[in-house]
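Reviewing the structure listed below.
Only this structure's heavy atoms are used, side chains among them; waters, hydrogens and symmetry mates stay out. Since the model is a prediction, treat every value here as computed from it, not as a measurement. First the proteins, then the strands, lettered A, B, ... as listed; each starts at 1.
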Amino acid sequence: MTEFEKNVFNLVKKIPKGKVATYQILAKKLGNIKLARAVGNALPKNSHFIIIPCHRVVKTSGKVGNYVLGVAKKIKLLHNEGIRIKRGKIADLAKCLYYFN
DNA sequence: ATTATGACCGAAG
DNA sequence: GCTTCGGCCATAA
């Protein structure tokens, strides 16, 4: 597991239930906003070994994005946490975003 | 060292 | 809204 991946997961596991973060926000937190793509690249790698709320990471546009177990599963999990989703997008992204105090 | 790939993003049509 | 394209970066081969 690379250092970069560790950093990504350490951030993701901080996201509280009922909240979400975007790939871009995580990227910025890691030092460079352009890391967004690399972040999405790292998530699927260790999901089999480490328990982390990968489903709480969505796109900046508000669309849920992809998920190891399938988008349907991702939406289901988010919905269980009280997050409203409409046609594959977060109903009110601004209210759900977690900014890493 | 070089190339290709992907859970991304923004601009443009 | 949607699609297409170019640009990003870490990784794997």
Side-chain angles (χ1 to χ4, degrees):
Chain A
M1 170 171 206
T2 68
E3 285 303 313
F4 177 73
E5 290 167 0
K6 283 184 188 176
N7 296 327
V8 172
F9 288 110
N10 280 321
L11 280 180
V12 175
K13 70 183 178 188
K14 288 183 185 172
I15 306 174
K17 183 180 177 184
K19 290 286 181 180
V20 298
T22 67
Y23 294 95
Q24 195 172 229
I25 290 177
L26 294 176
K28 182 143 196 169
K29 210 58 185 168
L30 291 173
N32 183 352
I33 193 171
K34 298 169 186 173
L35 287 169
R37 196 164 190 176
V39 169
N41 209 314
L43 284 183
K45 294 196 170 184
N46 301 282
S47 55
H48 295 293
F49 303 97
I50 304 178
I51 308 299
I52 21 184
C54 300
H55 61 283
R56 300 193 186 129
V57 186
V58 302
K59 295 194 179 188
T60 302
S61 64
K63 295 204 293 186
V64 290
N66 217 319
Y67 191 58
V68 178
L69 306 178
V71 181
K73 187 74 179 177
K74 187 169 183 177
I75 292 177
K76 195 172 183 179
L77 288 170
L78 289 172
H79 197 67
N80 286 339
E81 298 187 353
I83 295 177
R84 209 155 122 61
I85 298 182
K86 184 190 204 180
R87 291 184 229 106
K89 296 173 226 161
I90 305 291
D92 194 339
L93 185 60
K95 304 273 186 192
C96 307
L97 279 180
Y98 177 61
Y99 292 99
F100 295 97
N101 316 314

Proximal nucleotide (of B:dC9, C:dC9, B:dA7) relative to the A:Y67 side chain
B:dA7

Is it true that a side-chain atom of A:N10 and a backbone atom of A:K6 form a donor plus acceptor pair closer than 3.5 Å?
yes

Would you name the heavy atoms of A:A27 and A:L35 that are closest together and state the gap between them?
CB-C, 3.6 Å

All N/O pairs under 3.5 Å across the protein-nucleotides 3-5 of chain C interface:
none

Rounded to whole Å, the NZ-P distance (A:K6 to C:dA10) equals 17 Å

Give the nucleotide from the list B:dA7, C:dA10, C:dT11 with an atom nearest to the side chain of A:V68.
B:dA7

Heavy-atom distance under 4.5 Å between the side chains of A:L78 and A:H55, does that happen here?
yes

Does anything in residues 10-34 of chain A come within less than 4.0 Å of DNA chain C? Heavy atoms only, and list the residues if so.
A:N32, A:K34

Picking from C:dC2, B:dA7, C:dA12, the nucleotide nearest the side-chain atoms of A:K89 would be C:dC2

Would you indicate which nucleotide in B:dC8, C:dT11, B:dG6 comes nearest to any side-chain atom of A:K45?
C:dT11

Could you tell me the separation between the CG atom of A:N66 and the P atom of B:dT5, rounded to a whole number of Å?
18 Å

A:R37 (side chain) and C:dC8 (base): donor-acceptor pair under 3.5 Å
yes

